[in-house]
Amino acid sequence: MMTSAKAHIGTDLAVHSDIGFLDGLLHPLTGLDHLAAMLAVGLWSALTARRLWTAPLAFAAMLLVGALLGLAGIELPAVEPMIAASVLVLGLLVALRARLPAALAAALVGVFALFHGVAHGAELAGAAHISAPLLGMLITTVTLHAAGLMAGLSLRDNVWTARVAGAGVAALGAALLAQLA
């Protein structure tokens, strides 16, 4: 059983006071919610989009915006439920191979990324130097999207494997939401 969906609540900001580039690189890999969402964005894009990088780049850009908001102390309501919901919805989009217009897909993942970013930014708010960990976090985010894209491209003709992968991500999102209830 998963221990917590609340990967960002109650974080001791003092722990993050001297973080650097490597910490930023590793940070998106430390939460299953973020990892699954970022891989799912790439997977979904590869399975359904004509312009493969539209949604992943929108996610990365809005993740940065959200992180900057979190660093500035701006809070959004229901951050953890929205992060869990993003995992559920992105998993369903992969499982269903749902095709959306590029602008709508970018907007949807952008909203989700904003919440992921605010959570990261709030965690990093105590850091002395923020540019290096932010750059590391963005590099890992884009790398995870690229990994999802590669997986999705390899699964384009394997409908059921992609659907099972999406269903697994959606189940994780549902479990995270249930833990928050």
Side-chain angles (χ1 to χ4, degrees), residues 7-8 21-22 24-70 76 79 82-121 131-177:
H8 310 287
F21 178 72
L22 183 59
L25 277 175
L26 296 174
H27 191 71
L29 303 174
T30 61
L32 191 54
D33 49 357
H34 293 296
L35 183 66
M38 291 174 200
L39 288 170
V41 168
L43 186 60
W44 178 49
S45 292
L47 293 172
T48 64
R50 277 185 271 158
R51 293 181 197 97
L52 299 183
W53 278 99
T54 301
L57 289 178
F59 190 102
M62 291 306 290
L63 180 78
L64 177 59
V65 169
L68 293 173
L69 290 173
L76 295 178
V79 169
M82 281 298 292
I83 289 171
S86 75
V87 177
L88 172 64
V89 170
L90 290 166
L92 290 173
L93 290 170
V94 170
L96 299 172
R97 288 185 157 208
R99 293 185 186 273
L100 298 178
L104 182 57
L108 178 65
V109 300
V111 168
F112 289 147
L114 190 66
F115 284 87
H116 284 263
V118 166
H120 286 307
S131 57
L134 275 179
L135 178 60
M137 182 179 70
L138 286 173
I139 288 171
T140 299
T141 295
V142 171
T143 302
L144 288 168
H145 290 323
L149 282 168
M150 290 187 299
L153 290 172
S154 71
L155 294 175
R156 274 188 165 173
D157 295 328
N158 193 336
V159 175
W160 288 107
T161 302
R163 290 187 190 278
V164 169
V169 171
L172 171 63
L176 293 173
L177 279 170

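Positions are given from 1 along the sequence.
If you run side chain to side chain contact (heavy atoms under 4.5 Å, CB included) between Ile83 and each of Leu176, Asp33, Val118, only Asp33 comes through.
With rounding to the nearest 0.5 angstrom, the CG atom of Leu68 is 13.0 Å from the NE2 atom of His120. Distance check, rounded to the nearest 0.5 Å: CZ of Phe21 to CD1 of Ile139 gives 4.0 Å. Interatomic distance, Arg156 CZ to Leu47 CG, rounded to the nearest 0.5 Å: 7.5 Å. Remark: Leu172 CG to Leu90 CG distance equals 11.5 Å, nearest 0.5 Å. Atoms CG and CG, on Leu144 and Leu43 in that order, are 12.5 Å from each other to the nearest 0.5 Å. His145 contributes atom NE2, which lies 13.0 Å from atom CG of Leu52 (distance to the nearest 0.5 angstrom).
Side-chain atoms of Leu39 and Val169, non-hydrogen and from C-beta on, never get closer than 4.5 Å to each other. Taking 4.5 Å as the limit, some side-chain heavy atom of Val65 sits within range of a side-chain heavy atom of Leu114. Between Leu76 and Met82, every side-chain heavy-atom pair lies at or beyond the 4.5 Å cut-off.
Considering every non-hydrogen atom in both Val87 and Ala36, the closest pair reads CG1-CB, 4.2 Å. Across Val94 and Ala40, no two heavy atoms sit closer than the pair CG2-O, 3.7 Å. Contact record, Leu149 with Pro56: CD1-CG, 4.5 Å, taken as the closest heavy-atom pair. The shortest non-hydrogen separation linking Ala95 to Arg163 is O-NH1, 2.7 Å. The shortest heavy-atom contact between Ala106 and Thr54 is CB-CG2, 4.0 Å. Closest approach of Ser45 to Ala55, counting heavy atoms only: OG-CB, 3.5 Å.
With sequence neighbours excluded, the residues forming a side chain to side chain contact (heavy atoms under 4.5 Å, CB included) with Ala105 are Trp44, Leu100, listed by chain and number. Annotation: side chain to side chain donor-acceptor pair (under 3.5 Å) contacts of Thr161 (sequence neighbours excluded): Asn158.
Between Phe59 and His116, the two ring planes are tilted [angle within 30° to 60°].
With hydrogens and angles ignored, the 3.5 Å screen pairs a side-chain donor or acceptor of Ser154 with a backbone N or O of Ala151.
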